Visitor: 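Below is the structure I would like to discuss, written out as structure tokens.
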Amino acid sequence: MKQSAKQIQGINDFVVKFANVNGTGSASANHLFAKAIFRMGIPVSPRNIFPSNIQGLPTWYEVRVSKNGYLGRRGGVDLMLSVNPQSMEQDLRGVEPGGYFVYDNTKPLAPHLRRDDVSFFGIPLTEMCMREFETPRLQQLLKNVVYVGALAALLNMKFTILKDLVADQFKGKEKLISSNVHALEMGYQYVTENYDCPLPIRLEMGEDVVAPHILESEHILMNGNTATALGAIYGGATVAAWYPITPSTSVVDAFDKYAQRMRIDPGSGKKNYAIVQAEDELAAMGMVVGAGWNGARAFTATSGPGLSLMSEFLGLAYFAELPAVLINVQRSGPSTGMPTRSQQSDVLAAAYASHGDTKQVLLFPATPRECFDMTVQAFDLAEQLQTPVIMMSDLDLGMNDWMSPPLEWDDNYRMNRGKVLDAKGLDEATNWGRYLDVDGDGICYRTLPGTHPDKGAFFTRGSSKNEMAVYSESGADYVKNVDRLLRKFETAKSYVPKPKTHPPVKVKKPKTKQKLGALFFGTSASPCYEAVEMLAAEGYPIDTMRIRAFPFHDSVDEFIHAHDRVFVVEQNRDGQMRRLISNECEIPPGKLIPVLNYSGTPITARNIASQIRDNLNTKGAEVVALHPEKA
Amino acid sequence: MKQSAKQIQGINDFVVKFANVNGTGSASANHLFAKAIFRMGIPVSPRNIFPSNIQGLPTWYEVRVSKNGYLGRRGGVDLMLSVNPQSMEQDLRGVEPGGYFVYDNTKPLAPHLRRDDVSFFGIPLTEMCMREFETPRLQQLLKNVVYVGALAALLNMKFTILKDLVADQFKGKEKLISSNVHALEMGYQYVTENYDCPLPIRLEMGEDVVAPHILESEHILMNGNTATALGAIYGGATVAAWYPITPSTSVVDAFDKYAQRMRIDPGSGKKNYAIVQAEDELAAMGMVVGAGWNGARAFTATSGPGLSLMSEFLGLAYFAELPAVLINVQRSGPSTGMPTRSQQSDVLAAAYASHGDTKQVLLFPATPRECFDMTVQAFDLAEQLQTPVIMMSDLDLGMNDWMSPPLEWDDNYRMNRGKVLDAKGLDEATNWGRYLDVDGDGICYRTLPGTHPDKGAFFTRGSSKNEMAVYSESGADYVKNVDRLLRKFETAKSYVPKPKTHPPVKVKKPKTKQKLGALFFGTSASPCYEAVEMLAAEGYPIDTMRIRAFPFHDSVDEFIHAHDRVFVVEQNRDGQMRRLISNECEIPPGKLIPVLNYSGTPITARNIASQIRDNLNTKGAEVVALHPEKA
Amino acid sequence: MSYVKPKFRHPNLPVNTLGHTIADYDGAISTLCAGCGHDSISAAIKNACFLSSIPPHRIAKVSGIGCSSKMPTYFLGKSHGFNSVHGRMPSVATGASLANRDLTYIGVSGDGDTASIGMGQFVHLVRRNVNMTYIVANNGCYGLTKGQDSATADLGSVAKGGAVNEFDGIDLASLALLQGASFVARSFSGDKDQLEPLIRAAMAHKGFAFIDVVSPCVTFNNHAGSTKSYAETRDHLDMMPLDFVPMREEIRTHYPPGTTQGITLHDGSVIHLHKASNDYQADDRIAALNAVQQAKEDERILTGLLYLDPNTQDLTQTLNLATRPLNELGDEELCPGSRVLNSVNEGLR
Amino acid sequence: MSYVKPKFRHPNLPVNTLGHTIADYDGAISTLCAGCGHDSISAAIKNACFLSSIPPHRIAKVSGIGCSSKMPTYFLGKSHGFNSVHGRMPSVATGASLANRDLTYIGVSGDGDTASIGMGQFVHLVRRNVNMTYIVANNGCYGLTKGQDSATADLGSVAKGGAVNEFDGIDLASLALLQGASFVARSFSGDKDQLEPLIRAAMAHKGFAFIDVVSPCVTFNNHAGSTKSYAETRDHLDMMPLDFVPMREEIRTHYPPGTTQGITLHDGSVIHLHKASNDYQADDRIAALNAVQQAKEDERILTGLLYLDPNTQDLTQTLNLATRPLNELGDEELCPGSRVLNSVNEGLR
Ligand SMILES: Cc1ncc(C[n+]2csc(CCOP(=O)(O)OP(=O)(O)O)c2C)c(N)n1
Ligand SMILES: Cc1ncc(C[n+]2csc(CCOP(=O)(O)OP(=O)(O)O)c2C)c(N)n1
Ligand code: SF4
Ligand code: SF4
Ligand SMILES: [Mg+2]
Ligand SMILES: [Mg+2]
């Protein structure tokens with residue numbers, strides 16, 4: 001082994017990246033690796049970076065280990081495991097100086113694949129598998145398991161945990177368990193015999209090497225889409241209409257799986273839910289709107305292109321005031337864009353979905369736990385506010401496993417169906433009108449089909465109607481109605497989840513007198529918290545606020561006004577959230593400094609920190625804004 | 001006749017409104033009335049305010065006569081001609097004090113239909129027609145012509161002009177001409193015999209009673225959709241794909257009509273154009289995109305709901321960089337909204353059409369003449385910029401007749417097809433790449449299918465590609481590509497029509513020290529100019545700038561910075577243009593004061609003036625902004 | 001606006017088994033053109049519901065956009081209705097029917113709404129066999145947008161503007177048959193005797209019931225074939241300003257099964273309806289498809305009950321839905337509670 | 001990724017009448033799964049174009065979204081291609097064909113792309129008789145989104161996840177026949193002998209030519225029927241992690257006209273192809289519709305040229321388009337100039 005000068009050190013704090021070929025079963029093996037670290041009680045966050053293809057293209061898997069519990073991407077790679085010739089050159093380039101490169105040396109490395117500041121670890125993976133396993137299928141498949149075994153030795157993993165995991169995964173398939181365990185041992189044995197293990201970067205269990213707040217809680221490892229599906233189950237969703245699209249597909253898959261477990265009528269064995277794979281997204285949204293109109297809790301899950309296709313229906317639902325829940329798992333670009341890459345670039349498209357004057361209610365989850373809680377809440381909000389609610393998840397959150405505090409449920413929770421008059425209510429109501437704002441909150445009383453023999457029936461249409469739901473093309477009626485919708489949106493502010501702030505970070509002698517703040521949402525949050533720590537260490541105290549919903553709570557503009565310079569961190573090109581804030585809170589844009597990443601791979605703490613650092617090093621925030629504040 | 005105290009006076013300066021029933025042929029008769037005034041050389045602007053129905057619902061027709069050439073709505077009605085019992089009560093209420101009410105007194109007026117401050121003119125229209133004409137059809141139809149004859153007498157119209165118009169309209173149908181002329185005479189005769197004519201409000205021909213700049217020019221009377229269609233003909237459009245929707249339908253109808261006249265290949269008698277009525281708007285846009293990809297100038301015309309349905313394709317065309325022209329004739333609300341009422345409420349939906357990071361090029365015509373010019377330019381822009389161009393017309397401009405300077409054409413004009421390499425160009429090009437920004441303006445060289453036996457072929461897709469148009473999921477390639485698109489959008493600023501300003505209005509002793517400005521676009525323009533005159537007379541000098549395109553020319557922010565208080569006048573609820581300006585010019589929203597109308601009927605000068613007046617009378621513009629500028 | 005029967009009716013009006021009079025099935029006053037075929041269909045639906053004694057409030061009306069889609073406002077005022085978006089009523093109806101399987105669903109659409117923009121959703125609605133009655137008021141044109149040809153316009157038919165339709169018309173009944181609809185019928189708006197029973201049968205049918213109703217547009221009247229006869233009346237129409245809509249009487253007809261009836265439309269053009277004879281077998285899908293296609297080639301429109309499969313499985317059965325309507329389920333049925341959630345957490349460690 | 005024939009070829013490779021070798025019709029290296037039926041179709045298209053000596057650059061390739069829609073990247077690298085949006089290729093193809101009537105258009109789609117989201121556009125494309133070859137790589141599932149059932153999946157077929165498809169499959173060939181397509185054929189991706197000639201005939205046909213090609217998805221292989229046979233291989237599949245995609249050989253077959261051939265798919269399930277016999281008359285639309293429907297009821301898939309009407313009028317003829325491509329017309333042909341405009345002004349005073 002070629003030993004390089006100074007190697008990267010680190011207990012429970014490093015980044016491992018796997019480079020492999022799509023369709024070879026690597027993701028499962030890599031997940032095994034991550035899960036084992038999780039079981040060791042060490043904070044870990046795996047990310048699958050896969051192509052829009054089923055077999056043969058390069059795929060990566062990045063595992064962040066962070067004793068402090070930072071689950072966002074840090075940036076950089078400390079150990080690269082590369083078994084894909086297609087990408088090996090770029091993979092090697094990606095390794096941090098002093099880092100480690102593990103590869104299959106069945107064939108010798110091409111001479112140009114050299115770096116003096118990196119330590120190389122060759123393992124004859126192919127050769128070993130050819131020797132040990134019969135079928136090509138197993139040779140292919142177990143090669144990945146062998147390298148996991150090798151890493152176990154290099155990084156000081158608890159081997160028994162790996163074995164247990166394999167046993168769980170293939171419960172009942174003894175033949176398979178033994179061959180997998182054998183593969184693990186092969187890798188483990190080879191490196192222990194050929195290299196001195198473990199490496200200076202390594203894993204260790206115990207209080208002293210893991211942030212206490214993690215050790216205490218009984219964390220779980222789950223992806224956002226699964227949590228969202230559970231939220232739909234617990235939120236009382238009965239109708240799911242959808243059209244397959246990456247990265248939202250697994251939301252409905254998981255809903256289906258859990259519903260089969262939790263939603264079968266005990267007496268009849270029949271289903272207390274309906275799932276329809278629609279012919280496209282227009283139809284999916286139409287079904288959700290129709291079901292909502294008829295009093296069922298309905299939702300759909302989609303992604304960018306689907307959101308565009310749903311916009312006419314979203315506009316109708318806004319004006320006709322129909323509840324609907326839309327899970328938008330954001331991805332990059334158009335259909336032939338980067339469907340398997342993550343972004344937060346549907347903010348404006350969702351907030352103002354549809355032609356005409358519309359504003360939609362948005363929720364921004366940042367963790368699987370929040371995916372669960374917010375999905376439950378989305379169904380209440382949609383019925384309370386009688387309007388669509390769009391949950392803005394993204395690929396990174398939805399499809400990757402995140403370490404999260406366990407999901408919690410209060411058995412006293414009861415669905416809030418909003419203002420719906422039943423037969424009794426209708427009999428008591430004096431001159432009821434569907435669009436009469438009796439409570440002054442902009443929310444009126446609806447009725448459901450089939451409720452009452454001769455009261456409460458009305459005709460649902462867009463906006464050509466009066467307060468009694470009678471057809472009207474009068475401008476006065478139109479204005480009255482859409483002004484009420486604004487009032488309702490104002491009411492929504494107090495219904496949606498409030499933003500989260502953290503106690504300001506302490507900094508001994510701050511380098512600046514300015515009060516600095518950072519606004520962010522969703523998956524930009526965890527790398528932001530880490531970046532703020534980094535900058536605090538450098539003498540820059542930055543207060544943070546994590547936005548969790550639109551319309552924005554008043555505390556958002558209070559936060560902005562309490563600070564001299566506010567960074568808005570998001571993962572899109574056009575600073576969409578920054579625009580939305582400026583629009584809706586009437587904030588001078590110049591005060592909001594964009595911190596952006598839109599490469600398709602999740603934003604890293606180092607990237608955020610350097611963008612903020614650069615801005616702070618330039619005189620005055622103003623420079624980034626086209627117009628000085630005084631304007 | 002019940003004569004009221006002081007009657008409204010006015011030469012060539014008043015508002016006449018007709019209240020009738022849809023489907024009775026009234027619009028044609030009313031148009032006859034307006035056209036006659038136009039032929040008298042007096043500035044006139046008719047507006048048809050019709051229901052979303054074919055027969056039987058109330059319909060109105062408002063005719064503004066303005067010697068100064070103000071073609072927007074003024075507000076208020078001086079003379080109401082009401083022959084619709086359904087709406088008569090509200091019609092009477094709408095008359096200005098001192099105004100005039102003309103009605104059918106075949107049956108006596110209901111007693112509650114009384115006002116002392118209005119002069120009543122009863123005419124036994126039904127009775128007269130029953131007597132004079134045989135078929136119910138003619139009785140119904142000619143009743144409208146009779147009242148036109150009556151108004152001719154009351155308002156001092158030139159009768160011969162009316163007769164000529166009838167002759168033109170029914171050229172060759174003598175029977176019909178005579179019966180129509182007879183009907184005109186009946187009405188004319190009846191009022192001259194029964195009332196003293198003309199009224200204090202009346203028409204007069206000649207220099208002294210009409211603004212000179214109007215008399216000189218040889219104005220025409222035409223609607224925006226017709227002008228747009230001619231623009232498409234002259235702009236070289238060869239493919240039109242559309243789906244019927246009010247108020248955009250007449251764009252393609254007119255294109256068809258003119259193409260049959262101007263686009264038939266002389267030799268073969270075959271068509272040099274193709275029109276396809278698609279199955280819906282998604283298909284219409286798909287056809288336009290496909291034709292544009294293949295090198296034809298293609299367009300579609302639609303309205304709100306269609307715009308929503310086209311958003312996925314608009315996003316693809318933005319990323320794939322394909323030319324397309326979309327004529328969006330704006331209307332109110334969703335499908336079951338007020339489809340036959342006007343608004344400017346698709347600004348944000350169009351500017352940011354589609355999910356993801358997109359910005360679309362928009363044009364804002366204010367007159368039929370501009371509909372023509374901008375449509376021609378739209379085809380050049382779409383091919384020069386290789387992106388969709390959306391022309392934002394509206395119902396008021398598109399479907400109503402506007403007095404306009406004649407359309408002009410420079411025979412030296414040649415289509416600008418943008419950067420397209422032909423076979424020769426490809427042979428000369430050294431290492432051509434579809435997405436290489438060789439000129440640094442963000443615009444690359446495209447090639448068309450079938451051009452060259454073995455050069456220039458490439459695969460068109462959304463955003464997963466590199467500069468050589470090879471499939472790529474690399475984040476770096478993605479960023480490089482979409483950053484170039486921003487560069488291209490910057491280039492667009494200098495290509496699109498610049499805003500128009502007018503010499504500042506002189507005010508003797510101004511009531512304010514603040515520098516005031518007003519920004520507006522499209523059909524809000526003419527009432528704005530009138531409102532500015534009104535306010536100047538009151539001592540408020542307001543500079544004006546009419547925005548004509550997005551991206552905004554730098555002069556827009558210069559204008560804003562040169563003023564202390566800037567009013568943004570638009571016809572939607574959410575102040576969408578104000579938001580777009582604040583977003584894209586980085587302007588503190590508080591500086592932009594919204595002046596809005598979204599009732600569905602076009603904004604009036606009086607309305608604008610009073611909103612601005614109210615704002616000026618409150619201390620400091622700030623109050624309308626949630627946050628003081630100092631923020 | 002149509003001549004509408006006054007809401008007031010004689011006290012001893014006939015009542016149905018629910019004790020309702022026909023008045024209980026009235027809707028708002030129609031705003032369609034006088035003589036529009038659609039109003040005849042509204043009347044037929046009204047009568048059908050009355051005669052079948054369906055409680056008005058247990059019916060839900062859904063439609064897309066168009067003159068035809070406005071119809072639901074004009075019947076069954078005691079039923080909830082939803083005038084949704086153009087061409088997407090099938091999806092709205094599907095969602096509604098899943099939310100509450102116990103209501104009777106009537107979908108009303110137009111040929112533009114269904115055969116053009118709605119084609120995709122229509123085909124998939126049929127495929128799912130949603131339990132509803134789907135009525136297309138088929139006038140071969142886009143009425144509400146002033147008379148453009150629709151996709152069901154016959155080859156060679158002429159639009160008011162004078163343009164000849166160059167495309168073969170889409171036959172919705174054939175499409176429904178091909179996609180395996182369990183109830184397929186066709187009728188004519190003016191043929192009360194045939195239409196009413198068909199609507200009653202459709203509503204009684206458990207599964208997707210489709211009725212294609214030829215319903216002339218009296219104003220843009222470019223429904224059918226004969227160009228010649230159109231020309232006849234041409235001049236006379238040209239005289240009229242474009243915004244003049246003459247008051248017309250609706251077309252009514254009567255003719256025995258097994259016979260062909262030529263019907264002259266308002267534009268003077270003629271369509272030929274052929275009523276399936278009483279011995280027509282409505283239980284063979286492929287045969288029905290043949291008969292309809294054959295008739296089409298002979299320029300005849302086959303009317304009547306074309307196909308019926310009384311025992312199919314509708315969407316609620318396919319999905320094995322609980323018998324209780326989903327929109328009635330409460331927290332007990334829907335929320336598994338904390339114990340279950342904890343077990344889920346367990347599985348994620 | 002498929003085993004791809006090396007780009008280098010022996011110098012004296014056969015050439016077609018244009019002097020091109022097959023290599024001139026190559027595309028990029030396929031990124032589809034090894035053994036994917038789609039790659040066989042790509043090869044067939046390549047050979048067809050080579051044998052018919054069509055200049056590669058005079059062909060335009062259009063597709064929607066899906067594994068199938070990626071195919072155009074993998075053949076005819078010298079042709080322009082457009083990978084548009086999901087289900088909307090028909091409209092893109094229509095627009096392109098109007099812009100330049102002189103190119104040969106090949107549209108490639110999938111069953112999801114065409115029969116689900118694209119249903120509406122497909123039906124209307126057929127109705128317009130756009131002059132193009134439209135190939136559906138029909139695998140009964142959504143490959144690119146990992147194997148959900150598509151609308152063409154047979155009733156009772158089982159998805160990889162194990163869910164049984166409860167809906168009757170949409171038969172695209174029947175739909176094309178019903179809507180009056182002038183060329184309708186069906187084949188199997190592995191049946192080179194049958195597929196290549198059909199593609200050549202389709203490209204030679206002036207008008208809309210539809211080929212429904214059964215093309216097994218080796219990875220999610222839930223194309224067809226037999227639930228039982230799926231179960232057989234079930235355990236063995238369960239062992240595999242979900243992201244493991246075994247390398248498979250493509251399925252090939254050979255069978256004479258008039259016979260039925262059972263084909264075992266990668267999942268062990270069997271589909272029965274019936275090749276129309278040589279004396280099959282392909283000139284009767286209604287008869288063809290019958291034959292296909294009948295075969296479907298017998299759970300057989302009828303393959304071959306099902307219907308051909310050699311003299312139809314395609315869209316360019318219906319629209320009476322000038323013979324010169326619209327995208328070649330210049331200012332002279334398109335811009336009427338100031339004189340005409342002034343006369344227009346005159347008419348507006
Ligand atoms: C998305 C969308 N596109 C277009 C329209 C305009 N539009 C309203 S009704 C209609 C066609 C109606 O035709 P049909 O369904 O046959 O009903 P009819 O009026 O003939 O009864 C159209 C195109 C719309 N409302 N929404
Ligand atoms: C509007 C939209 N919805 C959904 C998707 C996701 N998507 C991509 S391919 C595909 C289905 C492909 O199935 P098919 O057309 O049969 O092609 P196959 O992969 O089976 O060859 C879907 C749903 C998308 N790209 N765009
Ligand atoms: S336009 Fe035609 S379809 Fe519409 S209401 Fe009038 S007659 Fe009926
Ligand atoms: S997933 Fe199926 S359809 Fe897609 S490439 Fe693989 S085998 Fe072919
Ligand atoms: Mg119609
Ligand atoms: Mg498929």
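Bear in mind the structure is a predicted one, so any value in this text is a computation, not a measurement. Letters A, B, ... mirror the listed sequences (proteins, then strands); counts begin at 1.
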Visitor: Can you see whether D:S187 engages D:T303 through a side-chain donor-acceptor pair at a distance of less than 3.5 angstrom?
Guide: no
Visitor: May I ask you to name which of D:G120, D:S174, D:A151, D:G169 has the most heavy-atom pairs under 4.5 Å with chain C?
Guide: D:A151
Visitor: Considering only heavy atoms, which portion of C:L289 lies under 4.5 Å from any heavy atom of chain D: side chain, backbone, both, or neither?
Guide: side chain
Visitor: Apply side chain to side chain donor-acceptor pair (under 3.5 Å) to residues D:H205 and D:S182 and explain how you reach the verdict.
Guide: CA-CA 9 Å; D:H205 175 67; D:S182 47; 2.8 Å; yes
Visitor: D:R88 side chain to D:D113 main-chain N or O, any donor-acceptor pair under 3.5 Å?
Guide: no
Visitor: I need the residue from D:R127, D:R285, D:E166 with the largest number of non-hydrogen atom pairs under 4.5 Å to chain C.
Guide: D:R127
Visitor: Does the ring centre of D:Y134 sit less than 6.0 Å away from the ring centre of D:Y105?
Guide: no
Visitor: Do the side chains of C:K296 and C:D168 get close enough for a salt bridge, i.e. N-O under 4.0 angstrom?
Guide: yes
Visitor: Checking heavy atoms, do the side chain of C:R128, its backbone, both or neither come under 4.5 Å from chain D?
Guide: both
Visitor: Answer yes if the side chains of D:N138 and D:T152 hold a donor-acceptor pair under 3.5 Å, and no otherwise.
Guide: yes
Visitor: Specify which of D:G118, D:A115, D:G180 makes the most heavy-atom pairs with chain C at under 4.5 Å.
Guide: D:A115
Visitor: Indicate whether any N or O donor in one side chain lies under 3.5 Å from an N or O acceptor in the other, for C:N290 and D:N290.
Guide: yes
Visitor: Checking D:T114 side chain against D:D111 main chain: does a donor-acceptor pair fall under 3.5 Å?
Guide: no
Visitor: Any idea which of C:Q294, C:E297, C:H124, C:Q121 has the most non-hydrogen atom pairs under 4.5 angstrom with chain D?
Guide: C:H124
Visitor: Residue by residue, scan residues 309-319 of chain D and write down, ordered by number, those that have a heavy-atom distance under 4.5 Å to chain C; if none do, write 'none'.
Guide: D:Q313, D:L315, D:T318
Visitor: Using 30° and 60° as the class boundaries, would you call the ring planes of C:H86 and C:Y142 parallel, tilted or perpendicular?
Guide: perpendicular
